[in-house]
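By convention in this document, chain letters (A, B, ...) are assigned in the order of the sequence lines, proteins followed by strands, and residues within each chain are numbered from 1.
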Protein chains: 2
Amino acid sequence: MKLSEGIEQAIHCVTMLAGLDEGQVLSAAALAEYHGVSASYLLKHLQALSGAGILATMPGPKGGYRLALAPKDVSLLDITLAIEGPAPAFRCAEIRQRGPKPLPGRYFQAPCGIASAMHAAERVYRSELAKTSIADIVAGVHAVDDDGAIAGRGTDFIACHARQTGR
Amino acid sequence: MKLSEGIEQAIHCVTMLAGLDEGQVLSAAALAEYHGVSASYLLKHLQALSGAGILATMPGPKGGYRLALAPKDVSLLDITLAIEGPAPAFRCAEIRQRGPKPLPGRYFQAPCGIASAMHAAERVYRSELAKTSIADIVAGVHAVDDDGAIAGRGTDFIACHARQTGR
DNA sequence: GCTTTGGTACTCGGATATCAACTGTCCGAGTTTTCCCGG
DNA sequence: CCGGGAAAACTCGGACAGTTGATATCCGAGTACCAAAGC
């Protein structure tokens, strides 16, 4: 039950990309530098987000990443699923059907109660993640950012490293 | 985001131990045989459950494991925490404080909004697991077990392999 | 026949190899820019 | 001076090692039982 650290990086990157103006992009190298993480490794997750349709890419010089959707339409669940994959954390191995003197399969048409309970908990977990969008995260940062220093650091960096593209 | 397979084994074993009569115990070897899993590996998890106070052990010949609590007082969360450990799946690396031109620490007294949201989801997940007890699981099995075949297989095995102990 | 005592066999407990997944890195395909040459 | 073309450089994309945690296993410590010997 360990969540990939790439999840955190991915969410931070998406949050930052949400601060870009229309037509701006940010390269993976810039995102990695700003967050102080490995560029190559971050690239892996950015690709996953791109493949999931959350980010859009611009190739070539002056290229980079930008959001493909509105911040309010990207939830933490979307990002998590893009990085970790859609498989549930708990997978029933049907050990109730193993061991000596197994019963005929017709007795196990109903799903295992244990698996059902674990999956129910996971559904609630995902539902909770789905409730929070990137727009909410951005709003949350602004709420505790009295003098605008945190947001200022981000916009300063964007002003230095963002590239204008013809869209 | 992969949940240990030992979790499933542990829950099944606790469920089975809940079917024991007062003063009975079941050895780790018997539990492993019944579920068709590696005895040595299962033992590791049974020790964790024992260390967490969920199971009680009886050493020596005719020894084994039994529940240390009433089935209704053992939740799926208790078992999960005993096996996986109490550490949350998401761990904030505070990458917001890394990178160039870091801000003074006083700006980061408020917890990271991303970490808060992820932890909130995890709290809901755990809360859901806490709602389901082993007694509920047992009741669920009985509810779909029309002719008692599933429960019968368990009680038959217990009749063969359980040991009476002087408590 | 009863008690004691030693041995034995079985249990759990912890320390030890093996494997998969996450982490981190590298090189290749593609595209835009840009410079240079010709008109 | 302007347009076209080719080279170059920078981007993303996917394939390749290193390290940590999960999986599987083994051997050792401890205890209850049992049998045999002594009283």
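- Here dT11(C) presents its P atom at 18 Å from CZ of R66(B), a figure rounded to the nearest Å.
- The listed nucleotides are dC33(D), dT11(D), dG13(C); the one nearest the side chain of K62(B) is dC33(D).
- Out of dC12(C), dC12(D), dA24(D), the shortest distance to the side chain of T57(A) is found at dC12(D).
- As rounded to whole Å, 10 Å separates atom P of dA22(D) from atom NE2 of H45(B).
- Counting heavy atoms from C-beta on, the side chains of C112(B) and H12(A) come closer than 4.5 Å.
- Between the E8(A) side chain and the A93(B) main chain, a donor and an acceptor come within less than 3.5 Å of each other.
- Across dT23(C), dA24(D), dT11(C), the shortest atom-to-atom separation from the side chain of S4(A) is found for dT23(C).
- Although no hydrogens or angles enter the test, the distance criterion places a donor-acceptor pair under 3.5 Å between the side chain of E84(B) and the main chain of S4(B).
- Side-chain atoms of H119(A) come within 3.5 Å of backbone N or O of F90(A) as a donor-acceptor pair.
- Here the nucleotide nearest the side chain of Y41(B), chosen from dC12(C), dA22(D), dG13(D), is dA22(D).
- Distance CD (Q47(A)) to P (dC26(C)): 16 Å, rounded to an integer number of Å.
- Contact annotation for S40(B): base contact, defined as any heavy-atom pair under 4.0 Å involving a base atom.
- For S50(A), whose side chain is taken as the heavy atoms from C-beta onward, the closest listed nucleotide among dG13(D), dA21(C), dA24(D) is dG13(D).
- The nearest whole Å value for the distance from the NZ atom in K44(B) to the C1' atom in dG21(D) is 11 Å.
- Considering only side-chain atoms of P61(B), the nucleotide from dG14(D), dC10(C), dC22(C) that sits closest is dC10(C).
- Ranking dT11(D), dC22(C), dT23(D) by closeness to the R163(A) side chain, first place goes to dT11(D).
- With DNA chain C read from its 5' end, the first of the two nearest nucleotides for G6(A) and P59(A) is the one closest to G6(A).
- Rounded to an integer number of Å, the gap from L31(A) CG to dC12(D) P is 9 Å.
- Contact check, S38(B) against dT25(D): a side-chain N or O comes under 4.0 Å of OP1 or OP2.
- Place R91(B) and G60(B) on DNA chain D by their nearest nucleotides, and R91(B) ends up nearer the 5' end.
- Side chains of Y107(B) and D145(A): no donor on one and acceptor on the other come within 3.5 Å.
- For the pair A29(B) and E5(A), both in contact range of DNA chain C, the more 5′-proximal nearest nucleotide belongs to A29(B).
- Separating the CG atom of L42(A) from the C1' atom of dG24(C) is a distance of 12 Å, rounded to the nearest angstrom.
- Atom pair L43(A):CG and dC27(C):P shows a separation of 15 Å (rounding to whole Å applied).
- Remark: P of dC10(C) and NE2 of H161(B) are 14 Å apart, rounded to the nearest angstrom.
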